[in-house]
Amino acid sequence: MVIALLTCFVSPLITKFLGRNAGWVLALPLLGAAVLAVSAFADAARSGSADSSGSPVVQQWVPWMPTVDVGLGLRMDGLALVFTLLVLVIGALIMVYSTRYLEPVGKHGTFYLLMTGFAAAMLALVLADDLIVLYVAWEATTLCSFFLIARSGAGAREPAIRTLLVTVAGGLLLLAAVTVMIIATGTTRLSDILVDPVWSANGALTTAVAVLIVMAAFTKSAQFPFQAWLPDSMVAITPVSAYLHAAAMVKAGIYLLLRFSPVFADVSVWNVMLVTAGLITALFGAIAALRRYDLKELLAYSTMSQLGLLVTMIGIGTPEALKAAVIHTIAHALFKSALFMFVGVIDHSAHTRDMRELAHMKLRMPVTATAMGLAAASMAGVPLLLGFVSKETMLKAFLDAPGPAWVPWVVTAAAAVASIFTFAYSARLVLGAFGGREDKNSEESEDVVREASPAFWGAPVLGATAGLVLGVTPFLLDKLVTVGATASAGEEVEAHFALWHGLVPELFVSLTVIAIGTMLVLARHRVHHAMAPYDFPISGLDVVDTAREQTIRFGGVVGGWTGSIAPRRHLSIPAVALIVIAALAALTIDDLPAVVGEPSDPLDWVLVVLIACGVVAMMQAKTLIAAIVVTGVVGFGMTVWFLQLGATDVAITQLLVEILTVCVMVLLLRRLPTTFEKTPPRQHVIPLLVAGGAGLATTVGVWALTGRREMSPASEYFLTEGYNETGGTNLVNTILVDFRALDTLGELTVLGVAGITIAALLRARKPSPERSANIQDHSPLIDARDNTVFVRTAAKLMAPIIVAGSLILLLRGHYEPGGGFIAALVGGAGFALAYLAAPSDRSARVQMPYLLLIGLGVAVGVGTGFLGYLDGSFLRPLHPEIFGFQTTTALVFDVGVYLAVIGVILASFNLLGRPPKRGGQPLAGGSDPGAPTHESEVSDAPTAGEKRAEGEPPTSGSTSSEHSRDHANNPEESDEVNAR
Amino acid sequence: MSAALLPLFVAVPLMMAALLVIVGDRRVIHTVGLLGTMIAAVGAAVALVIEFRSGGAIAHGISSWPFGIAIPFVADMFTALMLVVTGLLTIVCSWFAIASGRAANVYFAPLVLVLTAGVNGALLTADLFNLFVFIEVMLLPSYGLFVLAARHKGTLQQVAGARLYVTLNLLTSTVFLIGVGFIYGTAGTVNLAELAGLATTDPTVAISGAVCLFALAIKASVVPVHGWLAAAYPATSPAITALFSGLHTKVAIYGIYRIYAVVFDGDSRWLWIGVTLFCLTMVIGVLGAVGEKTTRSILAFHMISQIGYILLGVALFTFAGLTAGIFYLLHHMIVKASLFLSTGAVEVRYGTGEIGKLSGIAKREPVIAVAFFIAALSLAGLPPFSGFVAKFTLILASVEAGQIAAVVVMLLVSLVTLLSMLKIWNGVFWGDSKSSEKTSTSNADDDAPAASPADGDLPEASPSGTAAASTSGRKQSVAEPASVAQSSGGVATKEAPTASATRADPETRASSATAVAERPRIGMALAGPAVFTAATTLGLGLGAELLLGLSATAAEGLLDTTAYVQAVMGS
Amino acid sequence: MIGVDLGILIIGVACLGSAYRILRGPTQADRAVAGDLLLFGFVGLIALFGVRMANEYTFDIVLVAALVGFLSALSLARALTRGKR
Amino acid sequence: MDLLTIIGNITIVIGALVFATAALGVLRFPDAYMRVSAVGTAGGVGIVLIVAGALALQPSIPNVVKVVLILVVHLASSAVGTMAIARATYITRTPLEHFEFDELAEATPEHDVEEEDLSTERGAAERRS
Amino acid sequence: MTVAITAGLLVFGAVYLMMKREMLRVILGFILLGHAGNIVLMAAGGTSRRDLPYGSPENLSTIADPLPQAFVLTAIVIAFSITIVMLVLAVTGNDDDDTAATAQEVQE
Amino acid sequence: MSWLTWPFRCIGFFLWFAKEMVTSSAAVLKDNLTPGQDSTPGITAFDSQCRNDYEITLLAALITLTPGTLTLGLNSDSRVSQADVSGSSPAKTGPLTIYVHSLYSGSADATREELRDMETRMLRGIRREGAPS
Ligand code: NA
Ligand code: NA
């Protein structure tokens, strides 16, 4: 069996060498596997390895996913044997046939790969003893089908997609059934599941699974209401149609039904669904086939119809019916694949398969005509052919159908009607192909079509002949059908076929069918005219397509709900959700712990009022400047709040961050409009409601969830042990640099990366152009150099204070308010001052290698962390004595923090506040007239220092000089180089 | 591995990032530094996986402070698996970025390394505030990566996407911070081990934790807070979309799994909320996907849909559910990256991802087509790919848990998933290749070779193949001997849009002067990442047991958090 | 300490007055100058809240605040002129 | 309550009141220049008094040093900052609503004054009279 | 209670501003939201104890919890970093901030 | 010898300035607290005798700190032009013009007079060599 599975892997290789003739070689392993299968089964039969129902079994089990108890279980019982042979023998025939069907030159690698892959998948499907493997194989056949249809050209894409969607939908139903069965029985093993007691114990479950399986099988075997894909899929090339859509793949559903018949045959839903859908499909297919001109399409409807009969047989569920199903499966596979192949032969020779065109031709193809007639006769149920035997068996089963007395009558009558039509369309097929027509203008074109080569018609002739041989000697199939039916019935079934059973009722039915059928054939033109107007109002394809389109359209609507890329809507949804959470929480929590201590101070209210005013002012602000100023108000209010709550370091940090934020905002303000847009008052309502709700939720949340517990253990530890453990008296700082230095490391990284990010951002996209204010250009006060003198002088006065302050804050941070952040922020404020005091943007003394500083900062921080490993842990502070002073590596860490902060502040001023390099912007400065022109400013003439800075990159250390070499030919990079 | 070494997962990438920034713009050093660090990280993570193969956890209090004071880093199977997969994805996406020219600047490698440090830290930490910090460490470089483009070639859409991305993530992390504040306010600690099970007994802790989970849910883009992701993700470059899809949402999901397991102890009272929301996420996500018009926006919506599946695992909170969820999570990271990378490769070379503007790619780029199709089928949950195992185990778990409605939703959604994948397949890969030619030169993102020949940092734009091969940023031209051998014109003509190479289709020749020779334009270097990830999903489907077993071990660790908690307490 | 509390209240009210001017304008310069005054007020508030809490680092913060107030005034001026120095 | 505390409290209240006059000026003065004028003075001096008063409440040598620094920095910065705003106010053509004399306008070249006239009709009217 | 109200006010303003169209207002909203987060953290430590956490205090009952202060410090700096990034985003793609710009404002 | 008296001159000037502050504050306060405006606002150009950045900055700051007066800005055109005329060195020797906004001085000339008085006192107070020429 493994041989067959492996065949598909070598097939591309073979095809590469042999082209279309690869089919000859590929047929061999399939036949070989068939022989092996039979002999293995015979061995098993001899050695007596059998299942509970007594039929022989061959099995293998390889674990695949033991975690979910899935294994590669293969098991061949009688039913599997029947289908195995079907798959392999028909497969071999098709392979041989393909060698002549395909174009002599061309890429057939994927075709043979997919065909053999399909054979393997189909084999795995019928042999699977594990539900998962069964499902996998099921889907694999679907995929092979999809690809085989799809590779037939542009017109095949839509059908391929439709087919895929329908069959995958069925597959999903099967998956649902599979999972339910696995959970219900606790095993994935098919043979165990089939005999599990749960099916008799739990009726509802059994019904549900039965329905799922039935539906899955219906999609695969093209049963009502999922039948539409089958004719649609006929765009595929003939070998594909013959193999997948006649003999094998569509039989997967039949196999599934047969496989689960022992479990569900007693479930009424099963019987009703199968019989109903089967008969409807049988009738619909047969009638539809009568109306087709395309030979292949006719065969497709015929297949649908025959499958309907098979499904009906399985639905009847008696041993006799199952026996009929098995033999009819075999018979159908033989005649239908042969017929398809013949249609392919005709198509190839006559270059059409449309009856109306064939009518104008003379097909001189005696062998094809004869053999095709045989196959068609088998389909029609003409005696002496296998089709007759199977139909007789079927009718017998139908006549003996269980249930209310009317059932056998109805079923038999319906089957008989379907058979009449079958007879009619079988004749129509042959006559349509070879019969010609009494066309008046037949002299117009009398193309003569000659017989194809034997290698081409050999395979179908074999199939057709087999129908005759087995029809004459049906007893040859006794054994096979016996084991097959036994397995599907779950009990011993004996099959004895004979050519002559005597004058049994079914014979009369058969004869009636043939008689009426013959009449229909004779009156075929009238019949055809009578049926022409009755076109089906709803096409299944349309349903699939409509569903698909509507899903896509509805999807567009759903996507449109959140389609905006503007942040506002996306931001408001979480706010609303938070309100909902708060409301749910308010409903859930009934008692809260008591408030500990007195959480408020009367003067807190001053801050509340100030912040309230600030917030309202921010909401009301119509100009950007006002908004920024009142943002400062709130920020300063927060500073005082932190002070009020005993958080000195936080207050200082907040203060500095606030002002640096404002400084950066002002740098950008010149590129933004002066005022915000006005929104009409009613557009304020919803934002106000959402914001109000969110605010209220927050207030309630803070009120309910804070201040209701005693001091936390961690807090107590810091307050009592903090100094002893670290030697630092600023406990907040000890947390930052000692206890939770990792947070701080992350934070300094964030800062540094912010610098890198804005550099990347501004490199990727230029900021929007500046908009100048309405400046009184000729005022005596306009000279920047004159008028910055006050600021410069003040800056000179403050510079030593800032530098000293920054240093002191850095060094004392471990003991008193300060630390790397605060110190660096003060230093940053110094740079801000230097920037603001400069007479021009260009001459502002903030040019420093900011990226280098950032890199160094992070490196120092992490490096300190590595030092900690000397004492066994990352970031563990060390306390070495240097020159007799007790020091701590926490200070080094703070230096890292300092560098990173300075780096990002410098990055902001350099990237945002200074004009881009003149020489370094060929694109911006040269070809883009819209670029800001700083040169126009009176006082902007570069100073001596600037000229030096612009002419060449600063030579701060060897690294940057090397960069300048790297980029000597790339002036665009020069400001990036400056940054390092 | 000694637990004390766990911080190195953060420290080493950070240090390397810092060094690369200091070293400056030397592409070779950057590439080697980035990939070397990542490979080392993955190696270490694999060692962790091996260490935890039968369960257990290790933890270390950073700086050796006592329990409750130190920030604990802790790893168990779940952590280790996430470390491996995120690391692998980073490598693959970096590879793609390098091949597509997106990495050709001084910022890429450091930013990716910091991102990695952030991801690793977020995965390892057992301290909620520290988690906040590491989420930020992840986010800041992401903001930079989001807008990375050739000089002055960043698009307005990119900036708009970045705005949305930044603001949403900032909202998320601030909400998370507030949640952490509430947790500290109610429980007096932010240490996961100290918080273990507290939410089951103290409703105020539960609601505080819910705020944190909600924040992570925004980040993970759970309905109804999902739309931002679909809008923002397609706005950046394909490499970055792939990277972010594998890292950001997934870390959020990891956080949700971890916090719910530890703090809520899998409290079954709230699971119905999860099941409902996550099913909605599946449905809304897939519907959104099927309605979109560009490959990446389809894929972005799929991400939302799939996140519903992944989180369903935690909403079931059974052994089977968690196993399936974790497997799904890991599978999804790979397959999603694969899809983004294969469609991204097309987008990079053909300048658009818009369905209808492209067609016939399958004929011209069979390798990418196969990679895409494998990943697409995997995403739809078809066998024999990892997506099938993921979906199957999840459905199994749902059936077991009696969540039949969820099963129905999952089945329907996977059908629609297939539908939308076919939409891409039909719109981009099938059809005549002629319509793609017109768009290949104009309208291109900076990733596309045609963007600007003057662009110094685009490897493809160099005037001649030899000069190109000699510059440092051009590894990929050297690394694709196959395509070079195939193309008679050499590298230069291969990329040049006006190349006078043979044209297969006469109609093309007539219709478009800018048409390109009908031969693969996506070299192996660019296709490689997609192929690799597609192969991985196939491998994980056929050899599902490996990952399934590991996921099961990880699930056990979530179901019974004793090992995790004990490890932290003993650290 | 009644003086401190009184001082806080007076400054608080004064700040509200400035806030009114910020919103009201009418010119951008009016907003800027009112903002400047407001920030001065906060320097005073910091000093007063600091001594009221007996925070021994009050003057450190005030020193920083004075510096910051300066920067904010300069920034506001720069904002008025949209970067023109 | 010792003398220093009393002095401190009184100084603080005086400082607060001085500051309040600035606020009053900002509210009541009719044009931007007069408002700036008020802020420059009272903002600077008021805060200085408050800080000095605060020092009286927390007297210590380091604090004296810090307060001296604060006084210097604050007086310089408030004056310089205010001047910066004042100049910005002028060069951005903020109308000078009330004036008896304007030597700055006289010193401004004619064509620019014309421009200014358009923006400040009232100023032009007064100049004509 | 005062802290709770402050937090609520800040969130109120934050959410309102975040729903505005201009990026700058959204940024201002986030600045407020950051303040709100910080004040929540401070509240989480308890606002009944407000003395400075320095040295080795004798009487723990009045000393403020230093841990949230450390948290807030970290959070402030992180928020600052992101604010700068957002500000740059506000000027690199300003098509939607153009509405109020008059023709003369844009320097040609 | 003059540097010996410098500290005393400094303090003397400081005290004078403090007195000026009080008196002019009273004027402003009175105007503010009484209904209506009785101010005579105007802008005066004042040619300063200050010689360096420190002096001019101090003078400007003192003007601003004095209630009722406000320095608007500075113009050095006359200085530069003078240097240009001499053609020799770029050293700025001519007067700097300070533009002062005043509220209660009545006229430009009155303002100039007040400013001149203040400037003289200031320079006498802060220059080590004493009063300006
Ligand atoms: Na994400
Ligand atoms: Na004044």
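Note on naming: letters A, B, ... go to the chains in the order of the sequence lines (proteins, then strands), and numbering restarts at 1 for each one.
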Tell me whether the rings of B:Phe129 and E:Phe71 are parallel (<30°), tilted (30 to 60°) or perpendicular (>60°). parallel
Quick check on E:Ile78 against chain B: is it the side chain, the backbone, both or neither that has a heavy atom closer than 4.5 Å? side chain
Which region of B:Val137, side chain (C-beta onward) or backbone (N, CA, C, O), has a non-hydrogen atom less than 4.5 Å from a non-hydrogen atom of chain E, or is it both or neither?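 Neither part; nothing is under 4.5 Å.
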Could you state the interatomic distance from CG (E:Leu89) to CZ (B:Phe146), rounded to the nearest 0.5 Å?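 Taking CG in E:Leu89 and CZ in B:Phe146, the distance rounds to 9.5 Å.
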Check whether B:Ile183 gets within reach of chain E through its side chain, its backbone, both or neither, counting any heavy atom under 4.5 Å. neither
Please classify the contact of B:Ala162 with chain E as side chain, backbone, both or neither, using a heavy-atom distance under 4.5 Å. both
Winner by heavy-atom pair count (cut-off under 4.5 Å) against chain E, out of B:Val147, B:Ile178, B:Leu139: B:Ile178
Using non-hydrogen atoms and a 4.5 Å limit, figure out which bit of E:Met42 sits close to chain B: side chain, backbone, both or neither.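 For E:Met42, neither part sits under 4.5 Å from chain B.
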Taking side chain as C-beta onward, heavy atoms only, is E:Met18 less than 4.5 Å from B:Thr167? no
Residue pair B:Tyr184 / E:Leu67, side-chain heavy-atom distance below 4.5 Å: yes
Contacting moiety of B:Leu140, where chain E heavy atoms sit under 4.5 Å: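 The answer is the side chain of B:Leu140.
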Could you go through E:Val26 and B:Arg163, starting from their C-alpha distance and side-chain angles, then the distance that decides it, and tell me whether this counts as side chain to side chain contact (heavy atoms under 4.5 Å, CB included)? CA-CA 10 Å; E:Val26 174; B:Arg163 284 183 183 180; over 6 Å; no
Taking side chain as C-beta onward, heavy atoms only, is B:Tyr143 less than 4.5 Å from E:Ile82?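 The answer is yes; the side chains approach within 4.5 Å.
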Chain E contacts, top residue of B:Leu170, B:Val133, B:Thr174, B:Val166 (heavy-atom pairs, under 4.5 Å):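 The answer is B:Leu170.
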Selection from B:Val180, B:Thr186, B:Leu177 maximising heavy-atom pairs under 4.5 Å formed with chain E: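 Heavy-atom pair counts peak at B:Leu177.
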If you look at every heavy atom in E:Ala44 and B:Gly181, which pair is closest and at what distance?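 That would be CB-O, 3.0 Å.
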